[in-house]
Amino acid sequence: MGRACKVGWSALSDRVGRRPVVLAGALAVGAYSFALFPLVDTGSTALLVLALVVGQSLVHPMMYGPLAALYTELFSTRSRYTGASLGYQIAGLGAGFAPLIFTEVQTDAGGRATPIISAIIATFCLGTVVCLALLGETSRTDLTDMSGESSEPLSVGGQPETAQAS
């Protein structure tokens with residue numbers, strides 16, 4: 001189911017743009033983080049399975065599916081592989097600390113940890129929303145114009161900056 005949703009969300013991002021789909025995914029993950037832990041804490045196997053299936057197969061793929069295209073469209077052909085890979089790997093390093101941080105929050109806050117952990121997840125999703133708001137839409141970028149031969153830096157919107165007359 002997760003694979004089908006990744007393909008579906010990716011196909012949707014081809015039609016409507018990367019930003020709207022990833023933005024909706026970030027908002028959905030942020031909101032879902034407040035429902036996930038209470039569902040897991042019920043002790044019900046059915047609700048646990050439902051929580052994991054919805055989170056991992058429906059909500060998370062909304063962000064994850066279009067990311068490969070979004071990352072690669074941010075860079076010129078000459079630096080695309082390095083740029084996309086470096087950003088993805090650095091993000092993975094940061095995310096690797098989440099279990100340690102959440103374990104510490106759980107230890108310190110005890111039974112009050114669930115809303116705190118959900119708020120941390122939602123805050124990072126809000127950071128994603130801010131970054132997406134600053135990022136230009138990449139799905140309609142003509143990649144042939146981004147050959148990497150130009151010495152012009154790319155702006156936040158993904159298009160070459162033009163020199164301003166002084």
Side-chain angles (χ1 to χ4, degrees), residues 1-75 80 83-141 154-158:
M1 186 170 159
R3 287 182 185 163
C5 284
K6 283 178 194 156
V7 170
W9 293 125
S10 297
L12 181 63
S13 81
D14 287 341
R15 289 181 188 86
V16 301
R18 314 281 179 243
R19 266 188 355 166
V21 176
V22 177
L23 179 70
L27 293 172
V29 168
Y32 190 68
S33 68
F34 289 96
L36 173 65
F37 297 111
L39 286 170
V40 170
D41 286 342
T42 63
S44 165
T45 303
L47 289 177
L48 172 64
V49 169
L50 176 68
L52 293 177
V53 167
V54 168
Q56 292 296 316
S57 297
L58 182 65
V59 180
H60 180 257
M62 195 182 301
M63 285 194 327
Y64 194 73
L67 280 183
L70 183 126
Y71 286 164
T72 57
E73 291 167 352
L74 292 175
F75 300 97
R80 182 168 299 135
S85 179
L86 187 61
Y88 189 81
Q89 299 307 319
I90 289 172
L93 288 174
F97 289 107
L100 298 172
I101 294 168
F102 294 164
T103 299
E104 188 61 31
V105 169
Q106 181 70 36
T107 301
D108 291 346
R112 299 181 324 269
T114 298
I116 296 169
I117 292 171
S118 295
I120 292 169
I121 294 170
T123 300
F124 279 103
C125 288
L126 181 60
T128 300
V129 169
V130 169
C131 289
L132 287 167
L134 295 173
L135 181 70
E137 178 56 59
T138 62
S139 69
R140 305 294 180 247
T141 302
L154 294 179
S155 70
V156 173

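Numbers for residues simply follow the sequence, beginning at 1. Side-chain atoms are counted along with the backbone in the values below, which use heavy atoms only and exclude waters and symmetry mates. Small disclaimer: the values here were computed from a predicted structure and weren't measured.
Using a 4.5 Å heavy-atom cutoff, the side chains of Ile121 and Phe37 are in contact.
Scored by the salt bridge (Lys or Arg N to Asp or Glu O under 4.0 Å) test, Asp14 finds Arg18 as partners (sequence neighbours excluded).
Across all their heavy atoms, Pro115 and Phe34 have their closest contact at O-CE2, 4.1 Å. Pairing each heavy atom of Gly55 with each of Pro61, the nearest pair is O-CD, 4.2 Å. Of all the heavy atoms in Val22 and Met63, the pair that sits closest is O-CG, 3.7 Å. Contact detail for Ser10 and Pro66: the closest heavy-atom pair is OG-N, 3.7 Å. Smallest separation of non-hydrogen atoms from Ser118 and Ser33: OG-O, 2.7 Å. The shortest non-hydrogen separation linking Thr114 to Asp41 is OG1-OD2, 3.5 Å.
Atom CZ in Arg112 sits 6.5 Å away from atom CD1 in Ile116 (nearest 0.5 Å). For the atom pair Leu52 CG and Leu36 CG, the distance stands at 7.0 Å (nearest 0.5 Å). One finds the CG atom of Leu132 at 6.0 Å from the CG atom of Leu23 (value rounded to the nearest 0.5 Å). Interatomic distance, SG of Cys125 versus CD1 of Ile120, reported as 12.0 Å (0.5 Å rounding).
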Is there a side chain to side chain contact (heavy atoms under 4.5 Å, CB included) between Thr128 and Val29 once you walk through the steps? CA-CA 11 Å; Thr128 300; Val29 168; over 6 Å; no

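The main-chain N or O of Val59 is never found under 3.5 Å from a side-chain atom of Trp9 such that the two would form a donor-acceptor pair.
Applying the ring-ring contact (aromatic ring centres under 6.0 Å, His included) rule to pairs touching residues 95-139 yields nothing, sequence neighbours excluded.
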